[in-house]
Colleague: 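First, the structure itself, so that you have it in front of you.
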Amino acid sequence: MPSESDFSEADIAALLQQFVTYPEQVWYAIAAFLFIVGCFQWGSFVHSKFARRRHYESDEETATANDIQYKFSLRRIPLAIINFYRVVTFRWTLEIGQSYTLNMAEVFVTVAYIALLLIYAFINTTTVEGQKLDVIFWSNRIAMLASSQFPIVTALGTKNNLVSFVTGISYDRLNYIHRMMARTCFMLLCVHTVGEIISSSYYPFKLIKASKGTGIIALAAFFLLIIVSLRPVRTRAYEIFFYVHFLSVFIFLVAAYFHTKSAYGSYWIWPSFVFWALDRVIRVVRLVVFNHSYFGFKSGTGTMDAATELLSEDLVRLRLHRPPHFHWFPGQTAYLIMPSVSTLPFEAHPFTIASFDSSLLSTAKPEGQSGSGENHGTQVLGSSAPFWKELVFLVNVHGGFTKKLKEVAAKKETVKVFVDGPYGPSPDLGSYDTCVLVAGGSGVSYTLPVFLNIIERVRKGKSSCKRVVFIWSIRGAECVEWIEETLIKAVQLAPLSLTVSIRIFNSGSPSTSQSMEVNSSISNITEKNGIPEPVVTRRGSLTSSMLFSLRGVKMESGRADLDALLKGEVSMTSGRMSVSVCGSQGIARTVRHALRFPVSGPSSILNGGPSVTLYVESFGYA
């Protein structure tokens, strides 16, 4: 093994040049990839904004769905290619166990990223003397390559980052990339450590240098960080992950800064502190703006104290009065900070906003109803009011923070809440002919506001949707009461041009899973100010509920056969179709399988089948 003194001046010059140029070239490659992704994402966004419903010829308009389904057209080749890409990239998956799934896009990005770094780590590692893969070359270079990735890894872990802005991909969807890049860098640093041990075999005291000590500290902190970021730990002990993650990152970056300073590589480290601090500043500003009364800027109004309610043994509902300046889109999330509940005062937890920011549905009268009077149609139905006028969160109870919140909700106490948000994407479904919404349990927090938004946009003439299907899987009939009156109001307000189908599947015990299917026309209605109001019996059988008297509303016992349901909807649809799903990994996996080939295959598209777009919002981010 040659020592450092055996290196020629040409080797040293090449080594120093590679220290600078190779990390820069990796950054150029990543920047080019992000630019391409951004072009596709923003192009798709612009297209969805300006897409218009296809206008069929008069003979096509009168044709049945099956006639359109099998009308072959070569003009649909571009659409067939797009759907082929969607299936292969996002619906073909690599499934590890029962709960871990990677789509092919994630697999490709992972393999390409690892290959890129390894190629740059081991190319041109032959010395002038002909020693191939010389450890002095790759050991130091691989550490510099890993160090160069820390700024983007840190940025991807923040809620407000430039990568999201450039690519149009929300921070939560980029979180997988954040973890993948961090784990890849950890792997590289382990290889660097092995190389240092090998190259130091001729120098017994080399490892005790100060720079080596900081390197060991940094690697140890990084190792702890990798362990707590594993999904089982994140999902079962989020608080532990939260605390250890914060502390480990801080220790790692400080130690890495001083470790790389001797090699003139610290300029790759300090931007991480800048990106992290910038995100925190933006989040603090948002907190002050949306929670201003807590900070003394305006007393009384806008105070966001949350009313708690224990809906079931494993579900808590939070209700907050919405400040006039706080707006959000369906499907977005907010981080809630509850100092009196959490262990640390500013511990933030993400939850989907289950309510809908609407000014129409809270004041509109049902379609086809008439009446007069200033207050006509201004009353929102009973307990459905919060879903239009307030911020509502449905919180699953697990351990730690949510368990403490359950204890508060059991007493129906109010808690002080700081709201940081909104964050995340909102599906733009205005250009789809058919919209299918699939939820499991509390996943209805995502699909309910999307459902309400579809109805409002159709009423306003801003959506071409003709059919909306709301599928909800629950574990007990009592779960219907969470959103029962909201669904009733939504169906009443649906315009005549929109077909609404609500399918609720109860997989609970036989005693609570009685099949309920009533297809009769609307009855049991009283009038208040000229507006139909349903009679809802809370203490009796759910069959007395007005919900199941509405046309198109069904409740069935057993698990939902999502494969058959989705394929049935596809067979009845032409044009464009969207499927939005929020639930467990199992539900998301089933939906992906159902919308693969041949349902969305080139043959189906060329023969007039619908172009299907899938939106997945799965549990498990925490």
Side-chain angles (χ1 to χ4, degrees), residues 234-243 291 294 303-322 333-355 382-387 389-421 439-446 448 472-487 506-509 511-513 536-542 545 582-584 619-620 622:
R234 296 199 324 271
T235 54
R236 298 176 186 176
Y238 180 79
E239 285 80 7
I240 294 177
F241 161 74
F242 182 86
Y243 307 139
N291 307 270
Y294 284 161
T303 299
M304 301 182 74
D305 292 341
T308 62
E309 182 181 359
L310 188 61
L311 298 181
S312 67
E313 285 301 312
D314 58 357
L315 195 89
V316 173
R317 179 165 66 185
L318 289 174
R319 294 172 49 181
L320 300 83
H321 290 292
R322 177 178 67 86
T333 61
Y335 278 76
L336 303 184
I337 302 172
M338 304 181 200
S340 62
V341 178
S342 57
T343 304
L344 294 181
F346 286 94
E347 181 181 307
H349 294 262
F351 300 104
T352 302
I353 303 174
S355 51
S383 63
S384 69
F387 289 95
K389 290 186 173 182
E390 300 178 0
L391 278 168
V392 179
F393 300 90
L394 301 177
V395 180
N396 262 328
V397 177
H398 296 291
F401 170 80
T402 55
K403 185 177 181 180
K404 295 177 184 177
L405 183 61
K406 175 184 176 180
E407 296 172 357
V408 173
K411 303 174 184 177
K412 295 186 177 181
E413 297 178 349
T414 60
V415 292
K416 290 191 178 296
V417 178
F418 294 87
V419 179
D420 176 20
S442 62
V444 75
S445 297
Y446 177 84
L448 178 62
W472 187 23
S473 296
I474 56 178
R475 294 184 178 179
E478 66 278 1
C479 298
V480 176
E481 296 184 14
W482 301 349
I483 61 171
E484 182 179 15
E485 294 186 10
T486 306
L487 290 178
N506 177 16
S507 61
S509 61
S511 61
T512 61
S513 60
V536 180
T537 303
R538 289 294 174 192
R539 291 185 173 88
S541 170
L542 285 176
S545 170
C582 183
S584 65
F619 295 159

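In what follows, every heavy atom counts, from backbone to side chain, and hydrogens, waters and symmetry copies are set aside.
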Colleague: Can you give me the closest heavy-atom contact between Gly476 and Asn506, atom names plus distance?
Modeller: N-OD1, 3.2 Å
Colleague: May I ask you to decide if Leu315's main-chain N or O and Asn396's side chain share a donor-acceptor pair within less than 3.5 Å?
Modeller: no
Colleague: Rounded to the nearest 0.5 Å, how far does CD1 of Ile353 lie from CG of Leu391?
Modeller: 5.5 Å
Colleague: On a heavy-atom basis, which atom in Lys416 and which in Pro339 lie closest, and how many Å separate them?
Modeller: O-CD, 3.8 Å
Colleague: For the CZ atom of Arg317 and the OG atom of Ser442, what is their distance to the nearest 0.5 Å?
Modeller: 13.5 Å
Colleague: Report the distance from atom NZ of Lys406 to atom OG of Ser312, rounding to the nearest 0.5 Å.
Modeller: 8.5 Å
Colleague: Indicate the atoms forming the closest heavy-atom contact of Glu390 with Leu320, along with that distance.
Modeller: CB-O, 3.2 Å
Colleague: From Lys412 NZ over to Glu309 CD, what is the distance, rounded to the nearest 0.5 angstrom?
Modeller: 6.5 Å
Colleague: Take Leu311 and Val316 through the test side chain to side chain contact (heavy atoms under 4.5 Å, CB included) and record every step on the way to the result.
Modeller: CA-CA 6 Å; Leu311 298 181; Val316 173; over 6 Å; no
Colleague: So Trp482 and Trp472, would you call those rings parallel, tilted or perpendicular, with 30° and 60° as cut-offs?
Modeller: tilted
Colleague: What are the two closest non-hydrogen atoms of Phe393 and Thr352, and how far apart are they?
Modeller: CD2-O, 3.4 Å
Colleague: To the nearest 0.5 Å, how far apart are CG in Leu405 and CG in Leu310?
Modeller: 9.5 Å
Colleague: What's the separation between atom CG in Leu394 and atom OG in Ser355, rounded to the nearest 0.5 Å?
Modeller: 9.0 Å
Colleague: Distance alone, cut at 3.5 Å: any donor-acceptor contact between the side chains of Asp305 and Thr414?
Modeller: no
Colleague: For Met338 and Val417, work out which heavy atoms get closest and say how close.
Modeller: CG-CG2, 3.9 Å
Colleague: Heavy atoms only: give me the nearest Thr308-Val408 pair and the separation to one decimal.
Modeller: OG1-O, 3.7 Å
